[in-house]
Colleague: 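My questions all concern the structure below.
Everything numeric in this text was worked out from a predicted model, so none of it was measured. Throughout, a chain's letter reflects where its sequence line sits, starting with A, and its residues are numbered from 1.
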2 protein chains.
Amino acid sequence: MESKQTSRRATTVIKAALRDLRIQLALLNHQVGGKLALKDIDLDCLDVLAKHGPMTPSALARQVGLHPATLTGILDRLERGGWITRDRDPADRRSVSIRVLPDRNVEVYRLYRGMNRAMDEICADYTAAELELIAGFLQRSADAGRTSAGKLGQDS
Amino acid sequence: MESKQTSRRATTVIKAALRDLRIQLALLNHQVGGKLALKDIDLDCLDVLAKHGPMTPSALARQVGLHPATLTGILDRLERGGWITRDRDPADRRSVSIRVLPDRNVEVYRLYRGMNRAMDEICADYTAAELELIAGFLQRSADAGRTSAGKLGQDS
DNA sequence: CCATATATTACGATTCCCATATTATATGAC
DNA sequence: GTCATATAATATGGGAATCGTAATATATGG
């Protein structure tokens, strides 16, 4: 029974690969942002908004771990660039709903096209069952990241 | 033969999970940095240095997609905080070697401990063969990210 | 030895981030 | 209904970060 040791080794490799992946995706994000005159955090916000749908500045600030006042500046920048709109909620006129505008987002998509195709090629080498296994692993990892980040963000 | 369609669906899920994972890892990084009075990019630099070993400012600037002058400010900050040292290369006295100091890096490790354990738990649910499959996928994805980012960074 | 190239850093202008204060609106007690 | 309090977002100002350009130090080739 040496698969125990194999598992341990593979787990170590996975963690290292995950660290590398984080860096590479962050760098890719940075390069994409550079082409669009956007800061890294701007694209993060757009990504969260795209995934989550319209949300308020406070909620978004919590999601990305920033001070609300900081987000005001970011939203000003995104609004000026035509990336988002800010609409007051009629039900609670203190509240604002941030919505992503579709037009400019095709530019982001185009810049990510290279990575998108590379991922298609990688995935083509796996069976459907394997892909589902990987998908599950990635979702669980993302959730683990969410939980860990949440705990750290709690105090302060 | 409907596994074709299953594959297509799983690939889409993988891409979405990867986007989510990127955001969560970026946020985790941000929270860790907050505890240590470090900027996001500072931890990125430390990570690259830890992985790659000692390197010059120019090389590191290329790795993280920053202007060399920007890196000077980052290195000043890291040096002031006792995270790194800068040593002149005796062979080429224009060149500088950046080295990570081990002492403070245990603090980073401690802050990542929660995520580390969560990953152990996740990995415990897979066989050795499955873990190796996942490890390979992650490495290939990281490489794809590196290639894509490199292409975007080329022009400009 | 000199001209050119390279590695890093200094400097200055612009922009960003965030703590605090401010404005507008909602909610609950009475 | 009125007032006190709480909440959402933003304005403001100070300190810090980023980056283009210039400066400094060193290397290399003729």
Side-chain angles (χ1 to χ4, degrees), chain A residues 26-27 29-46 48-49 52 54-81 83-99 153 156, chain B residues 26-27 29-46 49 52 54-81 83-99 153 155-156:
Chain A
L27 176 55
N29 201 51
H30 180 75
Q31 306 288 22
V32 168
K35 302 271 185 195
L36 300 169
L38 290 178
K39 303 283 161 192
D40 294 7
I41 191 66
D42 299 1
L43 280 169
D44 290 349
C45 289
L46 289 174
V48 170
L49 282 166
H52 183 282
M55 59 199 304
T56 68
S58 332
L60 182 52
R62 267 193 305 278
Q63 288 283 323
V64 296
L66 289 179
H67 194 283
T70 305
L71 212 82
T72 297
I74 294 170
L75 294 178
D76 288 348
R77 193 162 56 231
L78 289 174
E79 196 173 31
R80 230 183 303 121
W83 295 96
I84 59 156
T85 55
R86 287 195 264 206
D87 304 306
R88 287 230 167 253
D89 179 355
D92 183 345
R93 293 187 41 72
R94 294 168 306 179
S95 189
V96 164
S97 180
I98 311 163
R99 183 187 318 278
S156 173
Chain B
L27 177 54
N29 200 52
H30 180 74
Q31 306 288 23
V32 169
K35 303 272 185 194
L36 300 169
L38 290 178
K39 302 283 162 193
D40 294 7
I41 190 66
D42 299 0
L43 280 168
D44 291 350
C45 289
L46 289 175
L49 282 167
H52 182 283
M55 58 198 304
T56 68
S58 333
L60 181 53
R62 268 193 306 278
Q63 288 284 323
V64 297
L66 290 179
H67 193 282
T70 306
L71 211 80
T72 297
I74 294 170
L75 294 179
D76 289 347
R77 193 164 53 236
L78 289 175
E79 198 174 29
R80 229 182 304 122
W83 295 96
I84 59 157
T85 55
R86 287 195 266 204
D87 304 306
R88 287 232 166 250
D89 179 355
D92 182 347
R93 293 188 41 73
R94 295 169 304 180
S95 189
V96 165
S97 179
I98 311 163
R99 181 187 318 278
D155 32 67
S156 172

Colleague: Measure across A:P54 and A:R99 and return the closest heavy-atom pair with its distance rounded to 0.1 Å.
Modeller: CG-NH1, 3.7 Å
Colleague: How long is the line joining CZ of B:R77 and P of D:dA16, in whole Å?
Modeller: 11 Å
Colleague: How many whole angstroms separate atom CZ of B:R80 from atom P of C:dT9?
Modeller: 14 Å
Colleague: Return a single string for nucleotides 23-28 of chain D, one symbol per nucleotide in 5' to 3' order, where B is base contact, S is sugar-phosphate-only contact and - is none, cutoff 4.0 angstrom on heavy atoms.
Modeller: --BBS-
Colleague: Which of residues 65-72 of chain B have a heavy atom under 4.0 Å from DNA chain D?
Modeller: B:L66, B:H67, B:A69, B:T70
Colleague: Side chains of B:I41 and A:H30: does their closest heavy-atom pair fall under 4.5 Å?
Modeller: no
Colleague: Can you check the B:D76 CG to D:dC19 C1' distance for me, whole Å?
Modeller: 14 Å
Colleague: Rounded to whole Å, please give me the gap between CD1 in B:I74 and P in C:dA10.
Modeller: 15 Å
Colleague: Applying salt bridge (charged side-chain N to carboxylate O under 4.0 Å, His left out) as the test, list every pair that has at least one member in residues 55-64 of chain B; sequence neighbours left out.
Modeller: none
Colleague: Using a 4.0 Å cut-off on heavy atoms, which residues in residues 36-44 of chain B reach DNA chain D? List them by number, or say none.
Modeller: B:K39, B:I41
Colleague: If I compare all heavy atoms of B:L71 with all of B:A61, which pair ends up nearest, and what's the gap?
Modeller: CD2-N, 3.9 Å
Colleague: Rounding to a whole Å, what distance do you find between A:R88:CZ and C:dT25:P?
Modeller: 7 Å
Colleague: Identify, between B:V96 and A:G73, the residue whose nearest nucleotide on DNA chain C lies closer to the 5' end.
Modeller: B:V96
Colleague: Whole Å only: how far is the CG atom of B:L78 from the C1' atom of C:dT9?
Modeller: 16 Å
Colleague: State, to 0.1 Å, how close B:N29 and B:D40 come at their nearest heavy-atom pair, and which atoms those are.
Modeller: ND2-O, 3.5 Å
Colleague: For A:I98, check side-chain contact (heavy atoms from CB on, under 4.5 Å) against everything at least two apart and list the hits.
Modeller: A:L49, A:P57, A:L60, A:L75, A:I84
Colleague: So, for B:I74 and B:C45, which heavy atoms are closest and what is the spacing to 0.1 Å?
Modeller: CG2-SG, 4.2 Å
Colleague: Could you go step by step and tell me if A:V32 and A:L38 meet the side chain to side chain contact (heavy atoms under 4.5 Å, CB included) rule?
Modeller: CA-CA 8 Å; A:V32 168; A:L38 290 178; over 6 Å; no
Colleague: Quick one: which residue pairs count as a salt bridge (charged side-chain N to carboxylate O under 4.0 Å, His left out) with a foot in residues 64-78 of chain B, not counting sequence neighbours?
Modeller: B:D42-B:R77, B:D76-B:R86
Colleague: Any sub-3.5 Å donor-acceptor pair from A:R88's side-chain atoms to A:R93's backbone N or O?
Modeller: yes
Colleague: To the nearest angstrom, how far is A:R86 atom CZ from C:dA24 atom P?
Modeller: 17 Å
